[in-house]
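To keep things clear, I will list the structure first and then write my remarks on it.
In this chain, residues are counted from 1 in sequence order. Given the structure is predicted, the values throughout are model-derived calculations rather than measurements.
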Amino acid sequence: MKSRKGSRNAHVDLRLFLGGSVRLARRALWAGAIMALACLLVSGFGLFTGTYHISVARVLDVLGGGGNTTEHFIVIDQRMARLCAALLVGASLGLAGSLFQTLSRNPLGSPDIIGFTTGSTTGALTILLVAGGNAALGVGGGAVLGGLATAALVQVVSSARGAAGGNRLVITGIAVGAMLASLNDYLIIQADVEAAESAKTWTFGSLNAITWDQVRPAAVSFPLLFGLTVLIARPLRMMEMGDDAAASLGIRVERVRLAALTVGVALTGTAIAVTGPIGFLALAAPQLARRAGRVPGIPVATAALTGALLLCAADFLAQRLLEPFQIPVGLVTGALGGLYLMWLLWRQKA
């Protein structure tokens, strides 16, 4: 390990056992460590507290393999599954937001703004209401396919008369997302009452009644998608200089763009399959991560940790604001997202 001093934001070069190296900003390392610690603290509150009171000693006993059936169900099958889902979904949305904002070169270029989340929701609702499917893998597959189709449509339309700039991509995505939102409403209206009520509740985005069957697909796919994000982060950062400049440096621009779109949509789709669409996180997490670490490009680990922390904290509020009633976490993140967007606009104006 070698350290370099002399700049305001010193870096650390980590020599890898396979011969390469990863250059990390010290401030980004500190920011990531603080985010990880905050995630542990919020997760601890969520695990050790709840509507059904279980003492700290009893929770520890359950975690150690003891406890009765009721305590095991509440701690492991409810609280632990819910926390794991919040961490995975928040991290996935944080990474997806980083990819799309870098591709569009626009802080508003998150999947929920440019229509990819709406497209994933369309795919999932098609499986739920039209095909009659209900399995997590089926809904997840529909969400990913819907997101990919939306991404392809937005990319084609925005680049119809030349290269797709960041603003054109965002505006096109907003337009496509608005049309798909109408289609989603139509699908819900045409369904029977029971299915429509269930689907409408699902579209709010909720961690209530999460089970391990919903968590496992995300737990399997996230490490793979995280690794792919790490691989494409560096060429994406070089593409921020412009496609021509990146191509002159040996970057295969179209291949990298396609890979980033695919990985971003997969992250969004798997997150939606677990909880339904959750706004704000993919918009805010990358920007907060960049400001915390003060590094250019994609703050991969910090963005994932920031997204996980935000969703865990929002779900903690969703469970306790109207206790014993629990509100969908998507309503909390939506309210926070509105405040964040107003702050972002005020900051840009200033």
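Put simply, F280 and L288 are part of the same group of oily side chains (I, L, V, M, F, W, Y) that touch within less than 4.5 Å, one to the next. Clustering ILVMFWY residues whenever any of their side-chain heavy atoms sit less than 4.5 angstrom apart, transitively, puts L47 in a cluster other than the one holding L37. With hydrophobic clusters built from ILVMFWY side chains whose heavy atoms lie under 4.5 angstrom apart, V62 shares a cluster with V56. Tracing side-chain contacts under 4.5 Å through hydrophobic residues (I, L, V, M, F, W, Y), one never reaches L309 starting from I34; they form parts of separate clusters. Connection of L281 to L305 is not established within any shared hydrophobic cluster, with ILVMFWY side chains joined at heavy-atom distances below 4.5 Å, either directly or through further cluster members.
With hydrogens and angles disregarded, no donor-acceptor distance shorter than 3.5 Å links the side chain of S198 to the backbone of E194. Formation of a donor-acceptor pair under 3.5 Å by the T118 side chain with backbone atoms of L180 is not found in this model. A donor-acceptor pair is defined here as one N or O able to donate and one able to accept, closer than 3.5 Å; such a pair exists between the side chain of T270 and the backbone of L267. Looking at W212, its side chain does come within 3.5 Å of a backbone N or O of I76 through a donor-acceptor pair. Panel note: side chain E71, backbone V59; no donor-acceptor pair is recorded below 3.5 Å. Counting only distance, with no hydrogens or angles, the side chain of Q214 and the backbone of T211 share a donor-acceptor pair below 3.5 Å. The closest donor-acceptor contact from the side chain of S206 to the backbone of P328 lies at 3.5 Å or more, if one exists at all. Panel note: side chain R291, backbone P286; no donor-acceptor pair is recorded below 3.5 Å.
In this structure, CZ on R82 lies 14.0 Å from CG on D77, to the nearest 0.5 angstrom. Rounding to the nearest 0.5 Å gives a distance of 9.5 Å between CG of L236 and CZ of R105. To the nearest 0.5 Å, the span separating CG on L183 from OG1 on T121 amounts to 11.0 Å. Atom CG of N68 and atom CG of D61 lie 9.0 Å apart (nearest 0.5 Å). In this structure, the separation between CD1 on I210 and CG on L83 is 11.5 Å, given to the nearest 0.5 Å.
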Step-by-step side chain to side chain contact (heavy atoms under 4.5 Å, CB included) determination, F116 to L148: CA-CA 8 Å; F116 296 168; L148 286 173; over 6 Å; no
Before you tell me yes or no, could you show the steps for C39 and C312 under side chain to side chain contact (heavy atoms under 4.5 Å, CB included), namely the whole-Å CA-CA distance, both residues' side-chain angles and the distance that decides it to 0.1 Å? CA-CA 7 Å; C39 283; C312 280; 5.8 Å; no
How far apart are the C-alpha atoms of T51 and R320, what are their side-chain angles, what is the distance that settles it, and do they pass the side-chain hydrogen bond (donor to acceptor under 3.5 Å, both in side chains) test? CA-CA 9 Å; T51 303; R320 288 159 178 80; over 6 Å; no
Pair N106-R168, side chain to side chain contact (heavy atoms under 4.5 Å, CB included): steps then yes or no: CA-CA 10 Å; N106 191 314; R168 289 187 64 181; over 6 Å; no
Verdict with reasoning, S104 to I114, per side chain to side chain contact (heavy atoms under 4.5 Å, CB included): CA-CA 10 Å; S104 64; I114 60 178; 5.7 Å; no
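For the pair I272 and T117, the minimum side-chain heavy-atom distance is below 4.5 Å. Between R234 and M239, every side-chain heavy-atom pair lies at or beyond the 4.5 Å cut-off. Using a 4.5 Å heavy-atom cutoff, the side chains of T275 and V329 are not in contact. No side-chain heavy atom of V274 sits less than 4.5 Å from a side-chain heavy atom of L88. Contact check for Q326 versus L321: no side-chain heavy atoms found under the 4.5 Å cut-off. Under the 4.5 Å side-chain criterion, counting only non-hydrogen atoms from C-beta, I54 is in contact with V75. Taking 4.5 Å as the limit, every side-chain heavy atom of F73 sits out of range of all side-chain heavy atoms of T69. Looking at F204 and P277, their side chains never come closer than 4.5 Å, going by heavy atoms from C-beta outward.
Contact between V170 and G109 at its shortest, heavy atoms only, is CG2-CA, 4.2 Å. Across every non-hydrogen atom of A313 and V42, the tightest pair is N-CG1, 3.9 Å. Between L95 and V300, the shortest heavy-atom contact is CD2-O, 3.3 Å. Contact between R216 and D213 at its shortest, heavy atoms only, is NH1-OD1, 2.8 Å. In this structure, G264 and F100 approach most closely via the heavy-atom pair C-CZ, 3.6 Å. Between A86 and L207 the shortest heavy-atom distance is CB-CD1, 3.8 Å.
Here S110 pairs with D112 under the side-chain hydrogen bond (donor to acceptor under 3.5 Å, both in side chains) rule; sequence neighbours left out.
Between the side chains of N184 and T122, at least one donor N or O sits under 3.5 Å from an acceptor N or O.
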Less than 3.5 Å apart, which donor and acceptor atoms pair up between the side chains of residues 245-256 and the rest of the protein, not counting sequence neighbours?
unit_1: S248; atom_1: OG; unit_2: A245; atom_2: O; d: 2.5
unit_1: E254; atom_1: OE2; unit_2: R257; atom_2: NH1; d: 2.9

